[in-house]
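What's counted below: heavy atoms across the whole structure, side chains too, no hydrogens, waters or symmetry copies. Counting starts at 1 for both ligands and their atoms, following the listed order. Since this is a predicted model, take the numbers as computed values, not measurements.
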Amino acid sequence: MEKNSSVENNKKTWSGRFNEPVSDLVKRYTASVSFDYKLAEYDIQGSLAHATMLSAQGIISNEDLTAIENGLNQILGEIHNKQFVWSLDLEDVHLNIEKRLTEIVGDAGKRLHTGRSRNDQIATDIRLYLRTSIDTIINLIKAMQLALLNLAEKHTDTVMPGFTHLQVAQPVSFGHHLMAYFEMLKRDIERLSDCRKRVNQLPLGAAALAGTSYPIDRTLVAEKLNFEGICENSLDAVSDRDFAVEFCACASLIMTHLSRMSEELILWMNPSFNFIELADRFCTGSSIMPQKKNPDVPELVRGKTGRINGHLIAILTLMKAQPLAYNKDNQEDKEPLFDTVETLIDTLRIYADMLTGVRVNQNAMRQAALKGYATATDLADYLTKKGVPFRDSHEIVAKTVQFAEQKGCDISDLEIAELQKFSKEIDEDIFSFLTLEGSMKSRNHIGGTAPEQVQVAIDKARKLLS
Ligand code: ARG
């Protein structure tokens, strides 16, 4: 960033009526170019559409339009080639580009801002940026869903302990467990797609706040920029950032889902569980303890979720006391929004890759399920199906588990005679219900953990992705 504090350079585009320049500190405090330069591409897209409309409406000449188009395309090239010099003195992305345009094409550059304000310009830029970001994020979620599906399909029959309260509850298919995250991500995509509709509305034309006296054609601008609608109130168009709040809420939920999965990966990698291993490239060692392999990536995903939740609160708080219409407070929406988008994109990219490298220790999962009396409910259901009221079955099984615990074995290891001491309804056939596989297979309905149903869910999910 160029630094120049001479009086001449402190003269601002808007400072015609000001008697003294802003101090360097105020300049730095109020400028946004250090971060909103990221919107340059969208700012240029918006300006091209605006200029086309101005010329179509006879507000500027065709020659001016051609000059503006050539100038803006040259600037886009300079930005891509990193030749463009961003200046703090020029405050923000809009004035930096406008100044350069005027350097290149002269007066035509000064006519570009006719019928427009930076207020509707920035609102347009953020919406264009967010629309593209949402599309990228949805595609990355789909890539992660595919990785989940591929792993789940290999493990429809793999038994693991399902937990409630992090205590062994009932045996579930590992594929079923993974598919739970597919569902969460499916809803995340739905939420983002819905949010996109409200992002994809054109603010341009609202000008500073009240609209403009030029005979503009907002429909034409909306068409040029592929907006699906037009913000219908100029005051609302320049001032509200509810679409950004909504996007951040979607992002928080996505990160929350990934954070939950991260917590599980971390637990499963712990040697006491030993359910999975992550590929080495997602882990680090300790500088002092040679035996360690730390799950840094999932830990950071969990940690970064706090940061993304913080951004949601930041933008919500930013809006809460703003009178209509535009206020400079809104400039503070960008850093949280950009960081949310960038963090989410990186996280999703890493996650899809990390899932493809998960190694599963089926034996450890099985042993853990065996240890926790995971089929106790199956014994209760067995008794209930034979006419014992469920509450009584529950009591009988609790006693049976207590007995097995004292003996140091699973209920499936007890002799038939021992089992029959707790209920006469128990017959030899009970053993087929007490196995992990038997228990899993019996939950054979939509949404259940029977491997057959997991395969149905996977097939359905694959169709959705294709
Ligand atoms: N940098 C400003 C923002 O991010 C652009 C709009 C500034 N408008 C104004 N009247 N100062 O919101």
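Judged by distance alone, the side chains of Tyr42 and Thr124 never bring a donor and an acceptor atom under 3.5 Å apart. Using modelled atom types, one finds no donor on one side chain facing an acceptor on the other under 3.5 Å when comparing Gln201 with Glu232.
Remark: ligand 1 atoms within the under-4.0 Å shell around heavy atoms of Lys334 are 3 (C), 4 (O), 12 (O). Ligand-side atoms of ligand 1 in range of Ser32: 1 (N), range being under 4.0 angstrom from any heavy atom.
Considering both main-chain and side-chain atoms, Asn330 never comes within under 3.5 Å of ligand 1 through any nitrogen or oxygen pair. At a 3.5 angstrom cut-off on N or O pairs, Arg241 does not count as close to ligand 1.
Pairs of residues two or more places apart, or lying in two chains, that qualify as salt bridge (charged side-chain N to carboxylate O under 4.0 Å, His left out) and include a residue from residues 54-80 are Asp64-Arg111, Glu78-Arg100.
His94 counts as a contact of ligand 1, since one of its heavy atoms falls under 4.0 Å from the ligand. Remark: distances from the non-hydrogen atoms of Gln121 to ligand 1 are all 4.0 Å or more.
Classified by interplanar angle (parallel below 30°, tilted 30° to 60°, perpendicular above 60°), the ring pair Phe273/Phe275 is perpendicular.
The protein non-hydrogen atom at the shortest distance from atom 3 (C) of ligand 1 is Tyr326 OH, 3.2 Å. Of the protein's non-hydrogen atoms, Gln331 OE1, 2.8 Å is the one closest to atom 1 (N) of ligand 1. Protein heavy atom at the shortest distance from atom 11 (N) of ligand 1 is Arg118 NH2, 3.7 Å. The shortest contact between atom 10 (N) of ligand 1 and any protein heavy atom is with Asn119 OD1, 3.2 Å.
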Begin with the C-alpha distance, continue with both residues' side-chain angles, and end with the deciding distance and a verdict on ring-ring contact (aromatic ring centres under 6.0 Å, His included) for Phe338 and Tyr129. CA-CA 9 Å; Phe338 294 164; Tyr129 163 82; 4.9 Å; yes
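Counting only heavy atoms from C-beta outward, the side chains of Val22 and Tyr29 never approach each other to under 4.5 Å.
With hydrogens and angles ignored, the 3.5 Å screen pairs a side-chain donor or acceptor of Thr449 with a backbone N or O of Ser173.
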